[in-house]
Amino acid sequence: MLLARTSLVFLALGIAALLALFVGLRMALLFLIGVGFGLTLEGLRFGFAGPWRAMIQHRDGRGIVAQLLAIGLTAAVALPLLASAPGELMGAHAPIGVAMIAGAFVFGAGMLVVMGCGSGTLVNAGSGNALGLLALVFFIAGAFLGTLHLAWWTELASLPVVTLPGLLGGVGALAATLVALAAVGAVVLARAAPGSRLPQPRLFLAAALLAGLAILNLVVAGQPWGVVYGLGLWGAKAATAAGADLSQTAFWAAPGNAERLASSILTDVTSLTNLGLIAGAFIAARWRRVMDPPPAKPAMRLAVGIAIAALAMGYASRLAFGCNVGAFF
């Protein structure tokens with residue numbers, strides 16, 4: 001059993017070595033960073049969707065506090081890095097408007113039906129969950145459909161793009177971010193039930209690991225950790241392979257997007273971390289239960305509900321310019 005488990009680790013390292021040889025060291029590093037994300041999320045049971053349900057239903061705030069800690073640790077390093085290397089590193093900025101608000105609302109509802117956000121869907125699929133795999137397929141489809149309509153949605157009412165560093169400077173932006181996170185944390189702690197306030201040690205460890213990996217991703221990729229773009233790209237490639245012509249669509253006709261569509265997904269930074277995340281979740285799941293039987297077939301009614309919710313999630317995440325990971329990090 002130990003041999004079977006360790007062989008999975010060596011397989012991941014072998015894939016990284018092949019990526020370094022044929023695609024480049026940067027892409028190999030991004031794949032390994034993704035593996036780290038998957039190992040952390042699945043291995044330490046850290047989620048971005050479940051904690052919100054736990055807080056709403058059971059007044060258990062431990063998962064949300066851990067999320068806030070991960071965001072704060074990341075911001076403490078990422079914001080100074082972005083300020084010090086504006087030509088090499090870029091933040092993820094988007095306008096607040098009808099599209100973002102509506103997309104975020106639908107995504108929030110959908111993730112609690114599917115029991116996973118964008119990264120959670122990848123983790124569930126990688127860990128062998130049949131419903132997670134079904135959700136991933138429809139999430140990809142929804143993210144792709146969202147790209148086809150994004151231009152129309154963004155023409156609706158929206159504010160100009162505003163950034164905290166632009167308003168307050170680097171130090172002020174970091175201070176405002178940490179104060180806002182602390183304020184949200186104070187509300188959660190005040191509303192959480194006694195004994196369900198401070199995270200367990202594994203969640204503290206997971207928050208620190210995710211922050212470290214998110215910072216590494218920023219340095220290596222040159223942009224923050226994201227999930228949704230890669231999934232939309234996979235959907236676009238599937239549509240192109242099926243004969244669709246996307247050259248006349250506003251999103252995929254844009255030079256950067258057209259270049260990624262024409263290139264291998266192994267040259268797309270978000271795709272590499274997504275693939276690594278799936279691999280990391282698979283390794284963590286198999287490490288715990290190599291000999292477990294395959295999951296039972298889900299009931300048709302449940303499967304249909306998951307598919308519809310995941311399709312809506314994928315579409316909404318594109319309108320909101322990202323899932324939880326894109327919003328938080």
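All residue numbers in this chain count up from 1 along the given sequence.
- Nearest approach of A99 to T154, heavy atoms of both residues: CB-N, 4.5 Å.
- Put simply, L246 and W152 are part of the same group of oily side chains (I, L, V, M, F, W, Y) that touch within less than 4.5 Å, one to the next.
- Annotation for Q248: atom CD does not count as buried by contact number, only 12 or fewer foreign heavy atoms lying within 6.0 Å.
- A side-chain donor-acceptor contact under 3.5 Å links Q67 and W52.
- The shortest side-chain heavy-atom distance between L210 and T74 does not fall under the 4.5 Å cut-off.
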L44 vs L203, side chain to side chain contact (heavy atoms under 4.5 Å, CB included): CA-CA, chis, key distance, verdict: CA-CA 7 Å; L44 295 175; L203 291 181; over 6 Å; no
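- Side-chain atoms of S196 do not come within 3.5 Å of backbone N or O of A192 as any donor-acceptor pair.
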Side chain to side chain contact (heavy atoms under 4.5 Å, CB included) between L8 and W287, intermediate numbers included: CA-CA 9 Å; L8 295 174; W287 193 276; 6.0 Å; no
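- Separation of atoms CG (N257) and CG (D268) is listed at 9.5 Å; rounding is to 0.5 Å.
- For L81, the CG atom sits in a packed shell: over 12 heavy atoms of surrounding residues, nucleotides or ligands are nearer than 6.0 Å.
- In terms of heavy-atom proximity, A193 sits nearest to H58 at CB-O, 4.4 Å.
- Taken to the nearest 0.5 Å, the CG atom of L233 stands 4.5 Å off from the OG atom of S271.
- In terms of hydrophobic clustering, with Ile, Leu, Val, Met, Phe, Trp and Tyr side chains grouped at heavy-atom distances under 4.5 Å, L30 and L11 are assigned to a common cluster.
- Around the CZ atom of R191, the shell of radius 6.0 Å holds no more than 12 heavy atoms that belong to other residues, nucleotides or ligands.
- In this structure a side-chain-to-backbone donor-acceptor pair under 3.5 Å is present from R260 to G256.
- Under the side chain to side chain contact (heavy atoms under 4.5 Å, CB included) test applied with L39, the options V9, I283, L277, L209 reduce to a single match, I283.
- Of all the heavy atoms in L82 and L218, the pair that sits closest is CD2-CD1, 4.0 Å.
- No donor-acceptor distance shorter than 3.5 angstrom exists from the side chain of R318 to the backbone of F144, with no hydrogens or angles considered.
- Listed here is the closest heavy atom pair of G103 and L319: CA-CB, 4.2 Å.
- Atom CD1 in I64 sits 13.5 Å away from atom CG in L69 (nearest 0.5 Å).
- The structure places CG of L122 at 5.0 Å from CD1 of I278, a figure rounded to the nearest 0.5 Å.
- The two residues K237 and L261 have their closest heavy-atom pair at NZ-O, 2.7 Å.
- No side-chain donor-acceptor contact under 3.5 Å links N217 to the backbone of L213.
- The aromatic rings of F328 and F48 sit tilted, their planes meeting at an angle between 30° and 60°.
- Under the 4.5 Å side-chain criterion, counting only non-hydrogen atoms from C-beta, L32 is in contact with L13.
- V220 and L25 end up in the same hydrophobic cluster when Ile, Leu, Val, Met, Phe, Trp and Tyr side chains are linked at under 4.5 Å.
- Minimum heavy-atom separation, L164 to A176: CD1-CB, 4.4 Å.
- Sorted by first and then second residue, the ring-ring contact (aromatic ring centres under 6.0 Å, His included) pairs with a member in residues 188-244 read F37-W225, W225-F329; sequence neighbours excluded.
- No side-chain donor-acceptor contact under 3.5 Å links R197 to the backbone of G61.
- For F251, the CZ atom sits in a packed shell: over 12 heavy atoms of surrounding residues, nucleotides or ligands are nearer than 6.0 Å.
- Residues L136 and V113 are members of separate hydrophobic clusters, defined by side-chain heavy-atom contacts under 4.5 angstrom among Ile, Leu, Val, Met, Phe, Trp and Tyr.
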Candidate pair V227 and T273, rule side chain to side chain contact (heavy atoms under 4.5 Å, CB included), full reasoning: CA-CA 8 Å; V227 170; T273 51; over 6 Å; no
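- Separating the CZ atom in F46 from the CZ atom in R202 is a distance of 9.5 Å, to the nearest 0.5 Å.
- Looking at L19 and L272, their side chains come closer than 4.5 Å, going by heavy atoms from C-beta outward.
- Cluster annotation: F31 is connected to L29 through the hydrophobic network of ILVMFWY side chains, with a link wherever side-chain heavy atoms come within less than 4.5 Å.
- A donor-acceptor pair is defined here as one N or O able to donate and one able to accept, closer than 3.5 Å; no such pair exists between the side chain of D60 and the backbone of A54.
- Atom SG in C323 sits 5.5 Å away from atom CZ in F139 (nearest 0.5 Å).
- If you check the side chains of D245 and S247, you find a donor sitting under 3.5 Å from an acceptor.
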Criterion side chain to side chain contact (heavy atoms under 4.5 Å, CB included) on I265 and L275, from CA distance to verdict: CA-CA 10 Å; I265 63 170; L275 292 171; 4.2 Å; yes
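- Annotation for Q200: atom CD counts as buried by contact number, over 12 foreign heavy atoms lying within 6.0 Å.
- In this structure the side chain of V188 reaches within 4.5 angstrom of the side chain of M55, judged on heavy atoms.
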